[in-house]
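Since the structure comes first, as structure tokens, the remarks are kept for the end.
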Amino acid sequence: MKKVVQLRPSRSGEASSPDADSRRVVLLGATGSIGRSTVEIINGANGAFSVAAVAGGSDAKALAAVAIELGAEFAALADPSGYADLKAALSGTAIEAAAGPEAVIEAALRPADIVVGAIAGAAGVAPTFAALAAGRIIALANKECLVCAGPAFMRQAAASGTRLLPVDSEHNAIFQAMGDAELSSVEMITLTASGGPFRTWSVEAIAAATPEQALAHPNWSMGPKVTIDSAGLMNKGLEVIEAHYLFGIETARLDVLVHAQSVVHGLVAFSDGSVSAGLAAPDMKVPIAHCLSHPRRLVTKARRLDLAAIGQLTFERPDFNRFPALRVALDALRAGRGLPTVLNAANEIAVEAFLKRRISFHEIAKIVEQACEAALSDGVAREPETIDEALAIDFAVRERTRARLPGTAAAS
Ligand code: NDP
Ligand code: MG
């Protein structure tokens with residue numbers, strides 16, 4: 001098993017001090033929302049971390065800037081056409097540059113103690129899995145990894161003798177609330193959902209929502225894909241699937257509550273009637289810091305929770321009529337047979353089409369549901385045993401969903 005470098009506590013109890021034993025980090029998705037929050041944590045940790053590699057998608061300048069800011073040794077861009085820009089932006093530094101999907105895998109495999117998986121979408125599956133197979137501890141933000149290929153990821157984590165630490169705020173809260181309790185003593189795990197910008201909207205208003213309205217999340221500032229997922233509660237569906245694999249718990253013991261204040265992120269109800277909850281201000285720096293230094297605690301400047309200022313916490317059942325995407329995702333999890341993989345792929349295509357104004361908001365859930373139904377009826381649906389099988393299903397479903405989008409020749 002990979003040796004975990006323990007962060008050394010300083011005598012003052014302040015943030016860990018600069019240390020030859022600093023924890024080496026690889027940051028996948030360094031230019032995104034989670035990536036930037038991770039940079040803030042690393043920069044504020046007083047030398048507790050050193051950065052082996054950073055990786056991004058297509059923004060060469062932003063990736064070079066973050067590599068320089070962190071003093072990374074290696075910077076990898078997924079888009080090969082950005083190589084010259086990346087190289088130019090890193091000239092005069094000792095940072096190695098590379099581009100192309102294989103370069104991102106190389107970044108993932110650079111020797112490190114922990115790899116932050118913060119690439120958006122299924123693009124994160126292959127590099128995150130490569131790091132896991134190499135025995136790295138993964139701080140996992142990318143929920144699509146588990147939705148697309150949950151069984152393969154969890155089997156590989158066990159085989160590699162390492163673990164996936166959940167960055168997703170709900171799962172991080174549940175992970176902390178669970179402590180070292182036996183799974184058999186857990187009666188119910190509840191994930192909360194803010195309800196997003198359409199929490200109080202009518203079915204008709206939601207159906208006609210524009211990308212700008214869907215991107216205006218009331219509590220969280222996130223990348224576009226997860227923000228659109230949140231607006232329709234598809235994100236909560238993906239997160240229930242993520243929790244199912246991550247905690248090894250069946251669907252019947254997973255629940256969702258809408259909680260507009262985004263203060264209680266997750267709850268664990270035990271067989272003796274006790275309930276533990278994970279609370280924090282809605283700031284992703286909290287779970288990121290928790291994972292990066294686990295099992296120790298960092299001192300951070302993340303937002304603090306002021307319950308008296310918030311005054312009231314409210315909880316309500318999700319409305320499947322106004323938010324059908326949540327039902328579609330839960331149905332996919334219950335059906336099994338690879339439907340979570342199908343759901344994830346179709347959803348990525350549908351979200352992209354919505355952001356490009358090719359489909360309306362309510363068509364996202366419809367397109368995803370149709371993809372799941374088609375996969376069940378034509379026999380494509382089967383539980384992917386390996387990462388390659390999961391990615392093959394992902395590819396096939398993307399092609400088919402794209403071909404069926406309105407305005408495409410095959411669409412009818
Ligand atoms: P963003 O869209 O803000 O960032 C995505 C990052 O991935 C960018 O750095 C992007 O690079 C990079 N990227 C895209 N494609 C590739 C690729 N093929 N190879 C390498 N890097 C790539 O997303 P978020 O930070 O919001 O989300 C990241 C993940 O974390 C998602 O899975 C999301 O669901 C999850 N998550 C996010 C939360 C949040 O608060 N943001 C909360 C909980 C989970 P470039 O900039 O060049 O495009
Ligand atoms: Mg979440």
Side-chain angles (χ1 to χ4, degrees), residues 26-39 53-67 75-82 85-86 98-108 115-128 130-131 138-148 166-175 191-194 196 215 217 219-230 233-243 246 256 259 262 265-266 278 280 282-288 291 302 344 347-348 351-352 355:
V26 165
L27 178 49
L28 304 175
T31 52
S33 166
I34 293 287
R36 293 300 317 169
S37 293
T38 307
V39 171
V54 291
S58 55
D59 190 339
K61 284 200 175 66
L63 184 66
V66 81
L77 195 70
D79 178 2
S81 70
D85 283 347
L86 181 65
E102 64 295 336
V104 177
I105 303 275
E106 190 187 336
V115 174
V116 180
I119 294 173
V125 169
T128 313
I138 310 290
L140 187 69
N142 179 302
K143 64 199 79 185
E144 293 90 346
C145 281
L146 290 179
V147 181
C148 173
V167 170
D168 210 349
S169 54
E170 298 76 4
H171 307 72
N172 186 272
I174 291 161
F175 175 58
L191 293 87
T192 63
S194 69
L215 285 169
H217 198 284
N219 302 356
W220 298 96
S221 165
M222 311 179 283
K225 198 262 176 180
V226 60
T227 307
I228 299 301
D229 285 343
S230 296
L233 294 199
M234 176 61 88
N235 182 53
K236 212 47 54 183
L238 299 177
E239 289 183 352
V240 171
I241 299 171
E242 179 186 13
L246 194 61
V256 172
H259 164 52
S262 294
H265 303 292
D283 181 346
M284 288 308 295
K285 290 194 283 300
V286 175
I288 292 168
C291 290
N344 188 62
N347 181 53
E348 284 194 32
V351 169
E352 190 182 284
L355 285 170

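Just so we're clear, the structure is a prediction, and the values are computed from it rather than from any experiment. In listed order, ligands and their atoms are each counted from 1.
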Do you know which two heavy atoms are closest between [X] and [Y], and how far apart they sit?
| X | Y | answer |
| --- | --- | --- |
| Leu28 | Ala107 | CD2-CB, 4.5 Å |
| Asn344 | Cys148 | ND2-CB, 3.9 Å |
| Val256 | Lys236 | CG1-CG, 3.6 Å |
| Cys145 | Gly124 | SG-O, 3.7 Å |
| Ile119 | Val104 | CD1-CG1, 4.1 Å |

For [atom], what is the nearest protein heavy atom, given as residue, atom name and distance?
| atom | result |
| --- | --- |
| atom 14 (C) of ligand 1 | Gly57 CA, 3.9 Å |
| atom 36 (N) of ligand 1 | Ala141 O, 3.8 Å |
| atom 25 (O) of ligand 1 | Ile34 N, 2.9 Å |
| atom 43 (C) of ligand 1 | Asp168 OD1, 3.1 Å |
| atom 32 (O) of ligand 1 | Glu144 OE1, 2.6 Å |
| atom 20 (C) of ligand 1 | Gly56 O, 3.2 Å |
| atom 19 (N) of ligand 1 | Ala78 CB, 3.3 Å |
| atom 3 (O) of ligand 1 | Ser33 N, 2.9 Å |

Per-atom contacts of ligand 1 with [X], taking only distances under 4.0 Å to non-hydrogen atoms:
| X | answer |
| --- | --- |
| Pro224 | 2 (O) |
| Met284 | 40 (O), 42 (C), 43 (C) |
| Asp59 | 47 (O) |

Per-residue contact class, [X] against ligand 1 - non-hydrogen pairs under 4.0 Å:
| X | answer |
| --- | --- |
| Ala118 | backbone |
| Met222 | both |
| Ala30 | backbone |

What's the atom name of the N, O or S in [X] nearest to the Mg ion (ligand 2)?
| X | value |
| --- | --- |
| Asp168 | OD1 |
| Glu239 | OE2 |
| Glu170 | OE1 |

For ligand 1, find out whether one of its N or O atoms is nearer than 3.5 Å to an N or O atom of Trp220.
no

Check: Ala123 N/O within less than 3.5 Å of ligand 1 N/O:
no

Between CG on residue Leu233 and CG on residue Leu238, distance to nearest 0.5 Å:
11.0 Å

Ignoring hydrogens and geometry, is there a side-chain-to-backbone donor-acceptor pair from [X] to [Y] under 3.5 Å?
| X | Y | answer |
| --- | --- | --- |
| Asn142 | Gly121 | yes |
| Asn172 | Val167 | no |
| Glu239 | Glu170 | no |
| Thr38 | Ala30 | no |

Would you say that Leu191 contacts His171 through its side chain, given a criterion of any heavy-atom pair below 4.5 Å between the two side chains?
yes

Do Val39 and Leu27 touch side chain to side chain, with heavy atoms closer than 4.5 Å?
yes

At a 4.0 Å cut-off, with the gap strictly under it, does some heavy atom of Ala62 reach an atom of ligand 1?
no

Measuring from non-hydrogen atoms of Ala60 to any atom of ligand 1, is the shortest distance under 4.0 Å?
no

Partner of Val115 by side-chain contact (heavy atoms from CB on, under 4.5 Å), out of Ile138, Leu140, Thr128
Ile138

Nearest heavy atom to atom 8 (C) of ligand 1: which of Val167, Thr31, Leu28, Ile119 does it belong to?
Thr31

